[in-house]
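A short worksheet on the structure shown next.
These values consider heavy atoms only, across backbone and side chains, with no hydrogens, waters or symmetry-generated copies. Please read all numbers here as calculations on a predicted model, not as lab measurements. Numbering of ligands and ligand atoms starts at 1, following listing order.
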Amino acid sequence: MTRPTVAIVDLKALRANFALVKSLAPQANIIPMVKANAYGHGMVEVCRALSHSAPAFGVASIDEALVLREAGIKQPILLLEGTFSSDEVEIASDNNFMLMVENSAQKDAIINASISRPVSVWLGVDTGMHRLGFQPQEATQTYLALSNTDNVAKPIVAASHFACADDLGSSATKNQMAIFDRWITTLNPAAGDVIAESLANSAAILAWPETHRDWQRPGYMLYGNSPFSEDQDNANKLQPVMSLQSAVISLRHIASGESVGYTANWTAGRDSIIATITVGYGDGYPRQAPNGTPVLVNGARCPLVGRVSMDMITVDVTDLNLVSIGDKVILWGPELSVNEIAEYCNTIGYELLTRMPSRVPRVYSN
Ligand SMILES: *Cc1c(COP(=O)(O)O)cnc(C)c1O
């Protein structure tokens, strides 16, 4: 018997979520975001599972892209932050990596590179996120410079990123889109040049159809969780891909007034039965989870009690009829949303999934 703590990754659910993206924007290309180990799900396996349908993938760095190449993934791979040094342009050209261009140094590195095969570039336009990309005016000059070098393949993709697309009541997304659209109508490309466009992340794909352009960039939604804190019709169709599971390894009765775990931060208000589960912050279960965070034991919601340890948590199972050592526990998955756990921990599901460590075996099901 090995340790029962595993992350089951349901590739059928992943493909269903991809199909939902497709159904929402049938004409668009879909570039799955697989950065940070595919949000913790396993980058190589996720790309393999989508390789028949996805025309490209998106990662944060050239190191992530090279891992995919070494695993035999053939599609173009977009480096979302572009290059970090000029020597990466040549590697990108050799490996069919697409480069986001976010600043002048990255633009110059591409123009000055001695490469035999042109690279595809995505021009980052800052429409209000104010983190990366060119202000619209600079973006025009950069576009012209990039379109005039043989080092760049056509078409150039003009891209922008939304700050608040998950906020259904905010006007920020439409404002950013208007800035982008105004900019692109002034661009006036050379005769025959086409510009492709890309704006939408998961939230925009689900809720802001007017932002749908040539390339859709879904991340979180592919993994089956909603980017919204409220109910949203399309998001309700998503199927969670990861199920983080473990098992009960110890049971004990404690008397009212006894406390549990490090710092003794929970004290029983009644005679209680405590189940110890072999999952902890060393497995990505957040230490900031407070008393009362729900844990599914034999399918029933039970409250976390006491501090999360590195390898274990403790749960109050007093109200369950029958619990035994070895019984199945679910920390998050289709039956208990990672978003709900994240809310208890003052974070977002993105973070909980992304920081899942390699200690937890990923078990893939088709
Ligand atoms: C990560 C990322 C996305 C995907 O965002 P989700 O909210 O996970 O869909 C899209 N575009 C860019 C530029 C990104 O960095």
### Task
State, yes or no, whether a side-chain contact exists between Leu80 and Val59 at a heavy-atom distance under 4.5 Å.
no
### For atom 9 (O) of ligand 1, the protein heavy atom that lies nearest, with its residue and separation
Ser202 OG, 2.5 Å
### Query
Any idea which atoms of ligand 1 are less than 4.0 Å away from a heavy-atom of Asn201?
5 (O), 9 (O), 10 (C)
### Message
For atom 7 (O) of ligand 1, what is the closest protein heavy atom, and at what distance to 0.1 Å?
### Response
Tyr350 OH, 2.6 Å
### Message
Quick test of your reading of the model: are Arg117 and Asp150 salt-bridged, counting only N-O distances below 4.0 Å?
### Response
no
### Task
Provide, to 0.1 Å, the distance between atom 11 (N) of ligand 1 and the closest protein heavy atom, together with that atom's residue and name.
Arg217 NE, 2.9 Å
### Task
Side-chain contact test, heavy atoms from C-beta onward, threshold under 4.5 Å: evaluate it for Tyr344 versus Pro290 and give yes or no.
yes
#### Entry: Which of the ligand 1 atoms, numbered from 1, are nearer than 4.0 Å to a heavy atom of Tyr220
6 (P), 8 (O), 9 (O)
### Query
Salt-bridged, Asp94 to Arg69, with N to O below 4.0 Å?
no
### Message
Can you confirm whether Val360 sits close enough to Leu244 that some side-chain heavy atom of one is under 4.5 Å from a side-chain heavy atom of the other?
### Response
yes
### Message
Checking a contact table here: which protein heavy atom is nearest atom 1 (C) of ligand 1, and how many Å away?
### Response
Lys35 NZ, 1.3 Å
### Query
Would you call Arg301 and Glu340 a salt bridge, using N to O less than 4.0 angstrom?
yes
### Query
Atoms of ligand 1 less than 4.0 Å from Leu80 heavy atoms?
13 (C), 15 (O)
### Query
Between Asp181 and Arg213, is there a side-chain N and carboxylate O pair less than 4.0 Å apart?
yes
### Any Met221 heavy atom less than 4.0 Å from ligand 1
no
### Glu210 and Lys174 ion-paired at < 4.0 Å
yes
### Summary
atom 8 (O) of ligand 1 has as its nearest protein heavy atom Tyr39 OH, 2.6 Å
### Message
For ligand 1 and Gly219, I'd like to know whether there is a polar contact (N/O to N/O, distance under 3.5 Å).
### Response
yes
### Task
Considering heavy atoms of the protein only, find what lies nearest to atom 12 (C) of ligand 1 and give residue, atom and distance to 0.1 Å.
His161 CE1, 3.4 Å
